[in-house]
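Before any comments, here is the structure.
Both backbone and side-chain heavy atoms feed into the values below; hydrogens, waters and symmetry mates do not. When a ligand or atom number is given, it counts from 1 through the structure's own listing order. Quick caveat, the model's predicted, so the values are computed rather than measured.
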Amino acid sequence: MKKRIFSGVQPSGNLHIGNYLGAIANWVKLQDEFESIFCVVDMHAITVPQDPETLRKKTIEIAKIYLAAGISAKGGSASGGDPTFPIIFIQSQVPEHTELMWILNTISKMSELEKMTQFKDKTQKGGSEGAAVGLFDYPVLMAADILLYGTEVVPVGEDQKQHVELARDLAKRFNQKFGETFIIPKAFIKEEGMRVMGLDNPEKKMSKSAESAYNRIELLDDEETIRRKIKKAVTDSGSEIVYSDDKPALKNLINIYAAFSNKSPKEIEKMYMGKGYGDFKAELAEVIIGFLTPFQEKYSALSDEEVLEILKDGAEKVRPIAKEKLDEVKTKVGFIV
Ligand code: AQP
């Protein structure tokens with residue numbers, strides 16, 4: 001029997017190549033090998049303020065991105081097999097996620113959540129006092145998302161590793177307290193592209209919510225914007241193209257080049273021996289454009305109506321799976337189901 005994978009992206013802004021390389025590209029590769037469930041996690045997105053109309057628009061946009069990236073639209077992936085999978089759906093259309101989250105909240109510790117770097121990062125500016133309780137509790141909802149489906153593997157970027165660890169801890173704790181219920185999930189993090197750094201600051205990850213648009217290459221950026229952003233990307237001192245930890249900005253750009261060209265960083269170093277940043281950056285922009293152009297064509301060919309239909313169908317397919325697990329959990333904690 002195939003193992004199951006689950007992952008999702010928040011519709012909290014414009015998706016960027018970090019989201020693609022860290023997460024979605026791996027989903028596409030894994031979708032035939034696993035029973036795949038991919039979610040647009042809109043309930044996570046509202047842990048920071050969102051404009052309702054924009055949230056609706058972004059939710060559809062993200063589902064289109066999944067499809068344009070190559071997630072098989074209507075089940076029955078290329079290798080045949082069970083036509084139920086892959087499934088894509090919207091988190092808020094399956095209320096079992098928040099029900100399970102509530103139960104998991106009762107076995108989660110404040111001290112565990114206080115340790116989460118993402119919460120610390122997101123409250124760095126304004127402090128945690130005024131932060132939403134939902135932002136603090138986000139990792140427990142993510143644990144519920146994962147555990148609800150008997151997920152064995154969670155393909156995510158490196159920044160989400162800590163959250164998957166919490167899901168593992170909560171699964172073990174619940175199983176210990178109430179008997180074998182949850183599969184213990186594992187994070188799947190691919191070496192290259194596991195953490196794409198900001199173009200304006202190689203010390204921080206590329207992010208949808210970074211203030212400057214020059215932080216990221218968005219998946220729907222046009223050619224000119226991509227060229228401009230790469231040209232403006234910060235670089236390190238010196239003029240040689242070398243792949244080294246001492247040159248974090250260049251290392252990040254070489255990693256991006258490598259990921260979109262299927263070349264190794266060493267090969268790229270060789271290609272640019274004796275050349276400078278100008279040549280390297282100009283060609284890097286073209287490599288990214290070469291990938292994004294056909295992707296954007298597929299994206300534009302999808303209508304909102306057909307995507308909403310796929311999402312609705314997906315929610316209908318996952319609900320029985322979610323309900324079965326939730327009923328088991330409710331029974332174990334002593335609820336009458
Ligand atoms: N810079 C990144 N490099 C590699 N992977 C990344 N991911 C995010 N940023 C990078 C991966 O993308 C998936 C979806 O992320 P998310 O929507 O859950 O939110 P996030 O991790 O918080 O990503 P962002 O882009 O920084 O969004 P905001 O700004 O809204 O918080 C995850 O698998 C993540 O690891």
Have a look at ligand 1 and work out which part of [X], if any, has a heavy atom under 4.0 Å from it: side chain, backbone, both or neither.
X: S207; answer: both
X: M197; answer: neither
X: W27; answer: neither
X: H44; answer: neither
X: M206; answer: both

Candidate pair I65 and Y299, rule side chain to side chain contact (heavy atoms under 4.5 Å, CB included), full reasoning
CA-CA 6 Å; I65 285 174; Y299 175 93; 3.8 Å; yes

Any nitrogen or oxygen of [X], side chain or backbone, less than 3.5 Å from one on ligand 1?
X: N19; result: yes
X: Q160; result: yes
X: G157; result: yes

Any carboxylate oxygen within less than 4.0 angstrom of a Lys/Arg side-chain nitrogen, looking at [X] and [Y]?
X: K270; Y: E267; answer: no
X: K3; Y: E33; answer: no
X: R56; Y: E53; answer: yes

Show, in sequence, the C-alpha distance, side-chain angles and deciding distance for V242 and K247, and conclude whether the side chain to side chain contact (heavy atoms under 4.5 Å, CB included) test is met.
CA-CA 8 Å; V242 281; K247 295 182 182 288; 3.4 Å; yes

Who's closest to [atom] heavy-atom-wise, of [options]?
atom: atom 31 (O) of ligand 1; options: K122, K208, Q10; result: K122
atom: atom 21 (O) of ligand 1; options: D159, V48, N252, I24; result: D159
atom: atom 3 (N) of ligand 1; options: V196, V9, N215, V41; result: V196
atom: atom 6 (C) of ligand 1; options: S7, G18, S209; result: G18

Under 6.0 Å between ring centres: does that hold for Y149 and H97?
yes

Quick check on contacts: which atoms of ligand 1 are under 4.0 angstrom from a heavy atom of [X]?
X: Y138; answer: 18 (O)
X: S12; answer: 30 (O)
X: A23; answer: 12 (O), 13 (C), 33 (O)
X: R195; answer: 3 (N), 4 (C)

Partner residues of Y277 under the ring pair (Phe, Tyr, Trp, His ring centres under 6.0 Å) criterion, sequence neighbours left out
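Ring pair (Phe, Tyr, Trp, His ring centres under 6.0 Å) check on Y277 returns nothing, list empty.
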
Test: K232 cationic atom under 6.0 Å from Y214 six-membered ring centre, within 45° of axis
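Yes.
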
Between T225 and D222, is any side-chain donor less than 3.5 angstrom from a side-chain acceptor?
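On atom types as modelled, these side chains qualify, holding a pair under 3.5 Å.
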
Establish, from distance only, whether the side-chain atoms of Y257 and Y272 form a donor-acceptor pair under 3.5 Å.
yes

